[in-house]
Structures are given as structure tokens and as C-alpha cells.
Q: 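I have a structure I would like to understand better, so I am pasting it below and will then ask my questions one at a time.
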Amino acid sequence: MFILLFGPPGAGKGTQSTLLSERLKIPHVSTGEILRAAILGQSALGLQVEECIAAGRLVPDTLITDVVAERIGEPDCANGCILDGFPRTIPQADALDEVLTQRNSSIHAVIQLAVDMKELLERLSKRSEVELRSDDSPETIAGRLEIYEQETSPLIAYYEKRGQLRRIDGMAPVETVSQRIIEAIRDASKQSD
Ligand code: AMP
């Protein structure tokens, strides 16, 4: 089962993906985490993306698609995974379809976490104090939210048209959001039966 967790930076994708991964017993695949680990390990990939990430820009579509194709080809993803932070552009979504079709699989549900701008800014500014991420500085945060609007939010209509999008209020308490995600996934299962 491939589930996409979708929403702007600070919407709670990471937290909810972790909870969902425990519940569904499938891995949590966060492209941001994979890239940050590559930077930390100073691998060829890390060196390639370091500047882009620190500036809050998206890394190239072909590069991130290859990273995801490789990761979801690993044995622990045989039964699917939760994709957090991918796809982020229409070409990435098209590429994901191709990768999944090749393995006779498809997207089960796309969960959109909706959080208003004021709350996002508060969460991201709090996170910058705790996690010390290179891309959580005030200027970079504004840029990342803008990139989300321009490049990523068109995916809402993309998946809505396919009847796969489930919108969840990401402002509710963490446990409530988690429960609603589970219900949305169950609902998607009923529809695909
Ligand atoms: P995240 O942890 O998901 O907020 O991702 C952190 C950063 O990694 C983003 O701001 C991008 O620079 C990069 N990144 C993660 N996922 C993608 C993606 N699907 N496409 C392009 N860049 C990505």
C-alpha cells in the first residue's frame, strides 16, 4: 500500500508519517530525511544537494525521482510505504506513477494535511529553535512556502481529479489527525474494493 502524505512545510507530515508507519507496519520514506542523511554523510548525493537544500530550493526532479525509485525498490518496501515529501511537482507525480506501474502497483490514497499560514509560520519558527535545520531560517521558510504554493500545490487538483485526495484538518490535535488519516485510508480501501 503506497500512501502519500502531502502538505506544506510544517503541516505535520513527518509526525503523522511516523505514527502511520507504526500503525500500518510499512516504512516511512521521507525524501527530506534521505537528503539530510546524505549531506551528513557527505556522500556524492549529499554534496550535490547541500546548497539547494540550505537555500530552500527543490532539488532536480530527475535526481529525486531516482532516489525514490531506488528506495522503494528495497525489500522493506515490498508491501508499500508512506511517502512524505514526494512528489512535490507534477513531473515527480508522473514519474512516481511510472515507477509504481512498473511494479504493478499504484497509489492507495493521497492525504492532504491542511494547516493555515499563521499556524505554519509559528510551527516552523518553533522547529527552527529545536532542530537547527539549515533550511528553517526565517528567509528560507518564506521561500519554501512560496515554492510549495507554486510548484507543489498544483498536485492538489492533480490528485483530486483522480479521486485520490483526502483532505484532513491538520490543525486538530496530533492523535485526532492520526485517527482521521486511518479512517481516510480505510475509506479509500472500501472504494477500491
Ligand atoms: P522536507 O524535509 O520534506 O521539508 O525536505 C527538505 C528539503 O529537501 C526541501 O526543501 C527540498 O530542498 C528537498 N526535497 C525534499 N523532497 C523533495 C522533493 N520531492 N523534490 C525536490 N526537493 C525535495
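Note that ligands are numbered from 1 as they come in the structure, with each ligand's atoms numbered from 1 the same way. In this text, all values refer to a predicted model and were calculated from it rather than measured experimentally. Atom set for the values below is all heavy atoms of this structure, side chains included, hydrogens, waters and symmetry mates excluded. The first residue in the sequence is number 1, and the count goes up from there.
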Q: Considering only non-hydrogen protein atoms, determine which one is nearest to atom 16 (N) of ligand 1 and report residue, atom name and distance to 0.1 Å.
A: Thr31 OG1, 2.7 Å

Q: As an exercise, identify every atom of ligand 1 less than 4.0 angstrom from a heavy atom of Ile64.
A: 18 (C), 19 (N), 20 (N)

Q: Donor-acceptor pair, distance only, cut-off 3.5 Å: does the side chain of Arg57 make one with the backbone of Ile147?
A: no

Q: Can you confirm, on distance only, whether ligand 1 has an N/O atom lying under 3.5 Å from any N/O atom belonging to Val59?
A: yes

Q: Which value, rounded to the nearest 0.5 Å, describes the distance between Ile156 atom CD1 and Gln112 atom CD?
A: 4.0 Å

Q: Quick one: do Glu129 and Lys126 make a salt bridge, cutoff under 4.0 Å?
A: no

Q: Could you tell me which atoms of ligand 1, counted from 1 in the order shown, lie closer than 4.0 angstrom to a heavy atom of Arg144?
A: 4 (O), 10 (O)

Q: Report the distance from atom CD1 of Ile64 to atom CG of Leu96, rounding to the nearest 0.5 Å.
A: 12.0 Å

Q: Closest non-hydrogen protein atom to atom 18 (C) of ligand 1, residue and atom name please, with distance?
A: Arg88 CD, 3.4 Å

Q: Is the closest side-chain donor-acceptor distance between Asp135 and Thr140 under 3.5 Å?
A: no

Q: Find all atoms of ligand 1 within a distance of less than 4.0 Å from any non-hydrogen atom belonging to Gln92, and give their numbers and elements.
A: 18 (C), 19 (N), 20 (N), 21 (C)

Q: Could you tell me whether Glu33 and ligand 1 have an N or O pair separated by under 3.5 Å?
A: no

Q: Going from CZ on Arg23 to CD1 on Ile185, what distance comes out if it is rounded to the nearest 0.5 angstrom?
A: 9.5 Å

Q: Within this structure, what is the OH-CD distance for the pair Tyr158 and Glu160, rounded to the nearest 0.5 Å?
A: 14.0 Å

Q: Looking only at protein heavy atoms, which one is nearest to atom 7 (C) of ligand 1, and what is the separation?
A: Asp135 OD2, 4.0 Å

Q: Taking N or O atoms only and a 3.5 Å limit, does Leu35 qualify as a polar contact for ligand 1?
A: no

Q: Tell me whether Asp84 has any N or O atom under 3.5 angstrom from an N or O of ligand 1.
A: no

Q: May I ask you to identify the nearest protein heavy atom to atom 2 (O) of ligand 1, giving residue, atom name and distance to one decimal place in Å?
A: Arg36 NH1, 2.9 Å

Q: Hey, what do you get for CD1 (Ile182) to CG (Asp187), rounding to the nearest 0.5 Å?
A: 13.0 Å

Q: Can a donor-acceptor pair be found, under 3.5 Å and without considering hydrogens, that links the side chain of Ser17 to the backbone of Asp84?
A: no

Q: Please could you name the atoms of ligand 1 that Arg57 approaches to less than 4.0 Å, counting only its heavy atoms?
A: 11 (C), 12 (O)

Q: Tell me, which protein residue and heavy-atom name are nearest atom 8 (O) of ligand 1, and how many Å apart are they?
A: Ile53 CD1, 3.5 Å

